[in-house]
Protein chains: 2
Amino acid sequence: MKLIDNAHIYNTQQKILIAVDCIIFGFVANKLKLLLFKRKIEPFRGDWSLIGAFIKNDQSIDDGAKQILFETTGLDNIYLEQLKTYGSVYRDPAERVISVTYYSLTSVTEFELESVEKYDAHWFDLDEIPELIFDHSVMVQDAIESLRQKAKHQPIGFNLLPEFFTIPELQTLYECIYQRPLDTRNFRKKILSFDILNKSDKKDKSGSKKGAFLYSFDKEKFETLIAKGVNFEI
Amino acid sequence: MKLIDNAHIYNTQQKILIAVDCIIFGFVANKLKLLLFKRKIEPFRGDWSLIGAFIKNDQSIDDGAKQILFETTGLDNIYLEQLKTYGSVYRDPAERVISVTYYSLTSVTEFELESVEKYDAHWFDLDEIPELIFDHSVMVQDAIESLRQKAKHQPIGFNLLPEFFTIPELQTLYECIYQRPLDTRNFRKKILSFDILNKSDKKDKSGSKKGAFLYSFDKEKFETLIAKGVNFEI
DNA sequence: TCAAAAGTGTTGTTCGTACACCCATGA
DNA sequence: TCATGGGTGTACGAACAACACTTTTGA
């Protein structure tokens, strides 16, 4: 598809800078974390910031978000979802910029926890988030709220955990998101009732002497259920 | 607040046209309707379109949405909520435009049903929506879906109904949103259990010979419950 | 042998759902 | 007097929440 011949028909209208900012949550060492990086440009160069970039004229906003996420973290587009657009006039004191936010949940290996440091990025615990530039703190709060809402209706944890995970790990993740303890038996019962987990015969003994069975997520069953409109409320 | 001295620090970046488009639902004559208008500019002048306008550099996107809604309908900012931002490159064939959508629910009087015609606007039944320009049909579908989701967790009807309304009216509204019939007794029970309706001693006899009691919405009780985080699922 | 986490069932309560008849009134 | 929509209660089943002990094993 191409622009039609009457291009620049809107040329009396004002153009504005558009950015995307990505709110990237990860789960590692039984804690929910947020990826931030040290801003590379003025103003506020060196301050902590969400991962963001300006959108180019020939780039869709979805692609822009995927691209900046990939460039900064090496992560391929897992569960990248548009959140909200922030468009007050003076949110960036340098110049008018409208920002479209996206958020992403991803599993983080111990290796990745370290490796982002060379990009001047860092995974912060949710309760240790530093002061952020502009309205980025508001964006983070909005994203957490949205994450909680979402977790109520979809088994969200699967994006945040590695391929194999234990049920206690999954429970801890939900407890981090909801910020309250859950009953072990009820949680197991509920999660297993969805019938989207495959039990392996291996155990992870890093958490206890007894060891917990490793499960994987059955993507096919999950897609089938989503298509049916099943509610995954925890 | 003002722009700081290093304005135009981003001057190597590309600027883009930003529009807002409003998806405005109304409820009248026991039907859920959508407000559309005949586009005034090329391309596609005269085709049906959502109510939209370009954002100016000194105007926040929220204000822009409110303003265009007011200019086109005379409605003051009731329940105007941001929906999603559409940013593919060629969605408008004339030029690259990113569009932020907002949606609004409003009660429509018989008078307003007619009066918008002089703006070249028209209230369409949801099942009679004509072909729309660009990706506006997708926007409408997304808005309907979002409306359904929202209605599950908030007593959404109050924005769509006049100050005084009957319970059968409210039920019809929910049936329009959900596109399925609801049980009279269960609906009453549920709606009244929220304790946010004030019964008046007047009856509306337009719908039946017996007449149905008029209720009004107790905004204070409602705000209190929302603050407590109560779930209004129907 | 013991400390530490994994794993397992039952019961009471709440909530949702299904269902049928009488009431008030204007025509 | 009758046709029309408004208004009311109950009973069953499903889902949720609360609760305590046994198992495994490395140290």
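Chain A is the first sequence line, chain B the second, and so forth, proteins listed ahead of strands; every chain is numbered from 1. Heavy-atom basis, side chains included; hydrogens, waters and symmetry copies ignored.
In this structure, CG of D201(B) is placed 17 Å from C1' of dG6(D), rounded to the nearest angstrom. For the pair K199(B) NZ and dG6(D) P, the interatomic distance rounds to 14 Å; values are reported in whole Å. Atom OH in Y215(B) sits about 10 Å away from atom C1' in dG6(D), given to the nearest Å. Remark: C1' of dT8(D) and CZ of F187(B) are 16 Å apart, rounded to the nearest angstrom.
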Under 4.0 Å protein heavy-atom contact, by nucleotide of nucleotides 16-26 of chain D - B base, S sugar-phosphate only:
SBBBB--BBBB
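First and last contacts of DNA chain C with chain B, using any nucleotide atom under 4.0 Å from a protein heavy atom and ordered 5' to 3', fall at dG16(C) to dG26(C).
Among residues at least two apart or in separate chains, there is no salt bridge (charged side-chain N to carboxylate O under 4.0 Å, His left out) pair with a member in residues 204-216 of chain A.
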List the atom pairs, donor and acceptor, that lie under 3.5 Å between side-chain atoms in residues 22-36 of chain A and the rest of the protein, sequence neighbours left out.
unit_1, atom_1, unit_2, atom_2, d
K31(A), NZ, D125(A), OD2, 3.2
K33(A), NZ, D125(A), OD1, 2.4

Contacts under 3.5 angstrom, residues 215-222 of chain A side chains, donor-acceptor by atom type, not counting sequence neighbours:
unit_1, atom_1, unit_2, atom_2, d
D218(A), OD1, E220(A), N, 3.2
D218(A), OD1, K221(A), N, 3.1
D218(A), OD2, N198(A), ND2, 3.4

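Shown here are the ring pair (Phe, Tyr, Trp, His ring centres under 6.0 Å) partners of W48(A), two or more places apart in sequence or in another chain: F124(A).
For the residue pair S146(A) and Y103(A), a side-chain donor N or O sits within less than 3.5 Å of a side-chain acceptor on the partner. Side-chain contact, S60(A) with S88(B): no donor N or O sits under 3.5 Å from an acceptor N or O. Side-chain contact, D21(A) with Y102(A): no donor N or O sits under 3.5 Å from an acceptor N or O.
By the 30° and 60° cut-offs, the orientation of the rings of Y174(A) relative to Y178(A) is tilted.
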